[in-house]
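Structure, as structure tokens:
Source: prediction; values computed, not measured.
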Amino acid sequence: MIMQKVLHCLGPKTYPEVPEGGWGWAVALAFFFVEVYTYGVLKSLGVFLQDLMEEFQESNSRVSWIISISVFIFAFSAPLSTILSNRFGYRPVVMVGGFLITLGSISSAFTNSVNEMYITVGIVSGLGYCLSFLPTVTILAQYFSKRRALVTSVASSGESFAMFLFAPSFTKLKEDIGWRNCLVVIGILQASVIGCGLLLCPIVIEPEPVKDDDDLKSESHSLKHMKSVYELENEQTKTSIGSGVSRESEDSGVTSLSASDEDLRMQAAEARAVTEWDQEKPASTAPSPEQEKSQVEPAEGEAGPLKPPSPKLLDFSVLKDGAFIWYSLFGLFATLGFFAPQLYIIELSKSRGVEPSMASYMLSVMAVADVLGRLSIGVVLNRVRCRKTKVLLWCVVMMSLVLVAFTVVWEFWGLVVCCALYGFFMGTVGSTHIPLLAEDDVVGIQKMPSCVGVYVFIQSFAGLTGPPLGGVLVDFTQNYGAAFYSCAAGMGLSAVCLALVGPVKAGMFQRNKNKGKNANKDETTSQDSDQLEFLEVDLALENSPVRQEEDLDKKSVI
């Protein structure tokens, strides 16, 4: 009995429209913890950077490849995550992802080289991050519409809380038990993602059927259709060939028109009688199998009930959409600034005179500001009436300027201010760039489940090159501030690409509108030509020798 209740509770959720809540709040809670143990852990691994360099005697660029490979697999396997989610459902995919995350983190504690960590943290955990994160954010977007941006921003703040808590906690923990045992503890905590996957119940939108008398509606429809046919014939033909000779008086069109009206009235009376007889029938009379079949299955040539098309496993047709292309390029270049600052901020602070015990709190400052940024952008996007991509554009521009400021600031409080500003704008951009795919400004909610994998896949290449590029610049210049140059350049290019999304989308809409106008114009022209052809036929009949001879015979009889 208890098991049946549990299965019913975790079964598909059916709503007549987007619920704007309901079970969506449980999905939002699951997404919060998925953010904690995916992005939150990934961005906190910078506390182990120096330990890994000393343990394996490797350079910054070599060690930073661990994070780069993980980010690359995270994004590169996004199409696979989309295909598996659309094929098997979100729940089993997220649970498998949680298992892989745990396996990769625990096994990394027993590695003996950086190359082995490339496999454990980079490939195994990176694949688990993707299988856990993307299905969760995709199904969360389906439970909300008007409040989608706000709920997603609040739920994604789990990443920020994780950075705030994990940076000092991991620093203290590794000093007590060592970095290897610390990774084991992290892996055990990440096993909770498997439980989060259980909360991802599928959502089904089934509009409530309209309660109406189907028979009466069909008969009324047939009467209206029959009347429209007669009116169309009489309007177009006037005195056409079919109505040229009356069956009784052999008169011209006027008599046949009245006869047509009389026929119409007789048929309408018969239809009313049939309707009254149907209404007086006993309610227990059951329809025949043929009638049931005709009610369920529409006849050939008639439009049946609308059914939502099954989603594609992966939709690469969006690559023909110019707005999606520019939005994907925005995500590609913006990824350069998503991970490198968190990876190098601690070492940058140490190199500029900050005590090691205080340097780890730079990540905590970023995390607190990140939470504020996510909450702020959620409220703003929920109320603005302009295109939401414009709001995102301003955040990207400000984030680019802050990254430039990291390269020129040398004092403690200057770094604190830069970390706070970066965290704030990072929260606004990081929490909205994927959910905004569901907006009509980009692809829309119908295409989002199929194209989100393509979008994140395009980001993967920047995730692969971002941290190592910063490491190469650091090794070459012996200045950790140089790593922020590549981040600032990437964010600047992403701002340019994002600015082009709106104009391209407007141009596509205008072209489609012009095509529709041309099609309507061609249809109107064809109808006018048909009416002219009918008029020419009638005039030809009136001027024909047969018609003139009939008129002379009538006059002679009179």
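If you take OG1 on Thr138 and CG on Asn86, they are separated by 8.5 Å, rounding to the nearest 0.5 Å. Between Lys174 atom NZ and Ser169 atom OG the span is 12.5 Å, to the nearest 0.5 Å. Put simply, CD1 on Ile66 and CG on Leu49 are 8.5 Å apart, with the number rounded to the nearest 0.5 Å. The CD1 atom of Ile69 sits 10.0 Å away from atom OG1 of Thr120, with the distance rounded to the nearest 0.5 Å. Distance check, rounded to the nearest 0.5 Å: CG of Leu45 to CD1 of Ile67 gives 4.5 Å. Considering OH of Tyr455 and CG of Leu437, their distance stands at 6.0 Å, rounded to 0.5 Å.
Between the side chain of Arg147 and the backbone N or O of Glu20, at least one donor-acceptor pair lies under 3.5 Å.
Closest approach of Leu140 to Gly24, counting heavy atoms only: CD1-O, 3.9 Å. For Val93 against Gly89, the heavy-atom pair with the smallest separation is CG2-O, 3.3 Å. Closest approach of Ala28 and Val151 over heavy atoms only: CB-CG1, 4.1 Å. Residues Ala369 and Ala420 share a closest heavy-atom pair of CB-O, 2.9 Å. Pairing each heavy atom of Ser157 with each of Val371, the nearest pair is O-CG2, 4.3 Å. Shortest non-hydrogen contact noted between Glu35 and Ala155 is CG-O, 4.3 Å.
Sorted by first and then second residue, the salt bridge (Lys or Arg N to Asp or Glu O under 4.0 Å) pairs with a member in residues 150-160 read Lys43-Glu159, Glu159-Arg374; sequence neighbours excluded.
For Tyr118, the OH atom sits in a packed shell: over 12 heavy atoms of surrounding residues, nucleotides or ligands are nearer than 6.0 Å.
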Which atom pairs, one a donor and one an acceptor, fall under 3.5 Å between side chains of residues 189-205 and the rest of the protein, sequence neighbours left out?
{"residue": "Gln190", "atom": "OE1", "partner": "Ser105", "partner atom": "OG", "Å": "2.5"}
{"residue": "Gln190", "atom": "NE2", "partner": "Tyr37", "partner atom": "O", "Å": "3.1"}
{"residue": "Ser192", "atom": "OG", "partner": "Leu189", "partner atom": "O", "Å": "2.9"}

Report, one line per pair, each donor and acceptor closer than 3.5 Å where one atom sits in a side chain of residues 322-334; sequence neighbours left out.
{"residue": "Tyr327", "atom": "OH", "partner": "His433", "partner atom": "O", "Å": "2.6"}
{"residue": "Ser328", "atom": "OG", "partner": "Phe324", "partner atom": "O", "Å": "2.8"}

Donor-acceptor list for residues 129-137 side chains, cut-off 3.5 Å, not counting sequence neighbours:
{"residue": "Ser132", "atom": "OG", "partner": "Gly98", "partner atom": "N", "Å": "3.3"}
{"residue": "Ser132", "atom": "OG", "partner": "Gly128", "partner atom": "O", "Å": "2.9"}
{"residue": "Thr136", "atom": "OG1", "partner": "Ser132", "partner atom": "O", "Å": "2.6"}

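Applying the ring pair (Phe, Tyr, Trp, His ring centres under 6.0 Å) rule to Tyr90 yields no partners; only residues at least two apart in sequence or on another chain are considered. Annotation: side-chain contact (heavy atoms from CB on, under 4.5 Å) contacts of Leu393 (sequence neighbours excluded): Val397, Ala495, Leu498, Ala499. Under the ring pair (Phe, Tyr, Trp, His ring centres under 6.0 Å) criterion, Trp25 pairs with Phe144, not counting sequence neighbours. Partners of Val391 by side-chain contact (heavy atoms from CB on, under 4.5 Å), not counting sequence neighbours, listed by chain and number: Ile377, Val380, Leu381, Val384, Cys386. By the ring pair (Phe, Tyr, Trp, His ring centres under 6.0 Å) test, Phe76 is found to be paired with Phe72, Phe457, residues two or more places apart in sequence or in another chain being considered. Applying the ring pair (Phe, Tyr, Trp, His ring centres under 6.0 Å) test to Phe48 and every residue at least two apart in sequence or in another chain returns nothing. Legend: residues meeting side-chain contact (heavy atoms from CB on, under 4.5 Å) with Ile177, ordered by chain and number and at least two apart, are Leu173, Asn181, Val185. Cys418 meets the side-chain contact (heavy atoms from CB on, under 4.5 Å) test with Ala405, Phe406, Val409; sequence neighbours excluded.
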Verdict with supporting geometry, Met426 and Met399, side chain to side chain contact (heavy atoms under 4.5 Å, CB included): CA-CA 7 Å; Met426 177 63 196; Met399 189 174 173; 3.4 Å; yes

Worked verdict on Val36 versus Phe166 for side chain to side chain contact (heavy atoms under 4.5 Å, CB included): CA-CA 10 Å; Val36 168; Phe166 287 169; 3.9 Å; yes

Ile346/Met362 under side chain to side chain contact (heavy atoms under 4.5 Å, CB included): CA gap, chis, key distance, verdict: CA-CA 7 Å; Ile346 295 177; Met362 292 294 176; 5.6 Å; no

Chi angles and distances behind the side chain to side chain contact (heavy atoms under 4.5 Å, CB included) call for Thr152, Thr432: CA-CA 8 Å; Thr152 305; Thr432 56; over 6 Å; no

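The side-chain heavy atoms of Leu403 and Tyr422, taken from C-beta on, include a pair separated by under 4.5 Å. Taking 4.5 Å as the limit, some side-chain heavy atom of Ile186 sits within range of a side-chain heavy atom of Phe170. Contact annotation: the side chain of Ile188 approaches that of Val184 to within less than 4.5 Å [non-hydrogen atoms, C-beta and beyond]. Ile345 has its side chain within reach of Cys419: a pair of non-hydrogen atoms, C-beta onward, lies under 4.5 Å apart. Using a 4.5 Å cut-off on side-chain heavy atoms (C-beta onward), Ser81 and Ser77 make no contact.
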